[in-house]
Every structure is written in structure tokens, then in C-alpha cells.
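Read through the structure below, which is laid out as C-alpha cells, and then see the notes.
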Amino acid sequence: MFADDGRWYRARVLGQKGTSDSYNVQFIDYGNQDVVQGKFLKKVPAKLLTIPDQARESGFAYVRVPTFDHEVGEKAWEEVKGLIWEMKLEAHYVYEEERIAYCLLYPVGKTDAANSIQARLIEKGFARIDPSREIPQEFETAWRKLEDKAKVAGAGIWGFEDVLSDAEEVNEAD
């Protein structure tokens, strides 16, 4: 049972939390994780086990976003949340790598490079263009201008001299 709404959802138990009667679970149709008391776990009915997991790990295509451990990581992910939480979005699948689906993310009906969620993150200095990817010209042109402005302003990740060498602190999978 998900504590926030008291409803039952399919979940995978990831492990017991210490020695308590609480368990770390991942809701397989949404992807989020939570800690659930043992009394709120039930065996999934057999007919529901035939339905594949609906959640899929995904990331932002063509950009890198700081990990939560980076100096601006927490702010970056708060920005992501602010841009997408309770918004109707379109995710356009672009490529897959190591079972992660990379997508371009847009507000519904605004599917151009300048309106992408990636563009908003780049503009605020909370994402950078992934130098290891070949990017379609439309995105390269629009995003490069935003990235250059963020660099000049020292916004977000661009306020750190070592931003380009921090590969381990900047996710390709957001």
C-alpha cells in the first residue's frame, strides 16, 4: 500500500529496512520507491503477475544533469521537479543504452527544441549538452545558445571550474 494515498499498487520488495518490520519497495508500474510496513504488503494475485512492469528507467536525451551528490545536484533535481511535477508532458523516445530509455521531454503540444525540458535545464545551468552524443542540428543550435549564456552567467554547474572534468558527478541518465 502506498502511504500517500492509501491505495494498493504492485511493488517489488527490494529489501528489509534494518531489523524493523519495514521494507524498501519499488512500485513497478510507476518507478518510485518507498518504505512500507510489513502489514501493508500483500502477495500480488496471479492474474496481475502476467502484466509486465509498466515503469521503465529513463533519462534525458542529449544532456547530462548533475547527480544529487554534485554541489548543485539537489538544486538541479528540485528544478527538474518544478518543471515536470503534475505537468502533462510528452516523452519522445530517442535512444536506449544499458536498458535506460533516453527521451526528449516536452510540455504537451510544444515539441520544439526551445520548449523542451532539457532546454529549460540548460538555460538555468542545471544541465549541459552531452559532448559524447551526436545531437540533431535543431537541438544543437537552440541549446548551444542557452548553454553559452548559462556559462557566461556562471549559472548552476557553470559556477564551478571543474564542471567539464566531473564526468562521475554528472549523470547521463538523469
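In this chain, numbering begins with 1 at the start of the sequence shown.
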Do the numbers put Arg133 on top of the ring of Phe139, so that NZ or CZ is under 6.0 Å from the six-membered ring centre and no more than 45° off the axis? no
For a 4.5 angstrom cut-off between non-hydrogen side-chain atoms, does Tyr23 reach Phe40? no
Run the salt-bridge test on Glu78 and Lys75 with the 4.0 Å N-O cut-off and return the result as yes or no. no
Any Ile51 side-chain heavy atom under 4.5 Å of Arg10 side chain: yes
Shortest non-hydrogen contact from Leu14 to Val25? CD1-C, 4.1 Å
Asp53 side chain to Ala55 backbone, donor-acceptor under 3.5 Å: no
Main-chain N/O of Ala113 paired to Glu138 side chain as donor or acceptor, under 3.5 Å: yes
Quick one: sort the Tyr9 and Phe2 rings into parallel, tilted or perpendicular, breaks at 30° and 60°. perpendicular
How close do Gly156 and Val72 get, heavy atom to heavy atom, and via which atoms? O-CG1, 4.0 Å
Which of Ile129, Val63, Val152 passes side-chain contact (heavy atoms from CB on, under 4.5 Å) with Glu147? Answer is Ile129
Near Gln54 CD, under 6.0 Å, is it more than 12 heavy atoms from other residues, nucleotides or ligands? yes
Between the main-chain N or O of Phe60 and the side-chain N or O of Gln118, is there a donor-acceptor pair closer than 3.5 Å? no
Any link between Ile100 and Ile28 through a network of hydrophobic side chains (Ile, Leu, Val, Met, Phe, Trp, Tyr) touching at under 4.5 Å? no
State whether the number of non-hydrogen atoms from other residues, nucleotides or ligands found under 6.0 Å of Tyr30 atom OH is greater than 12. no
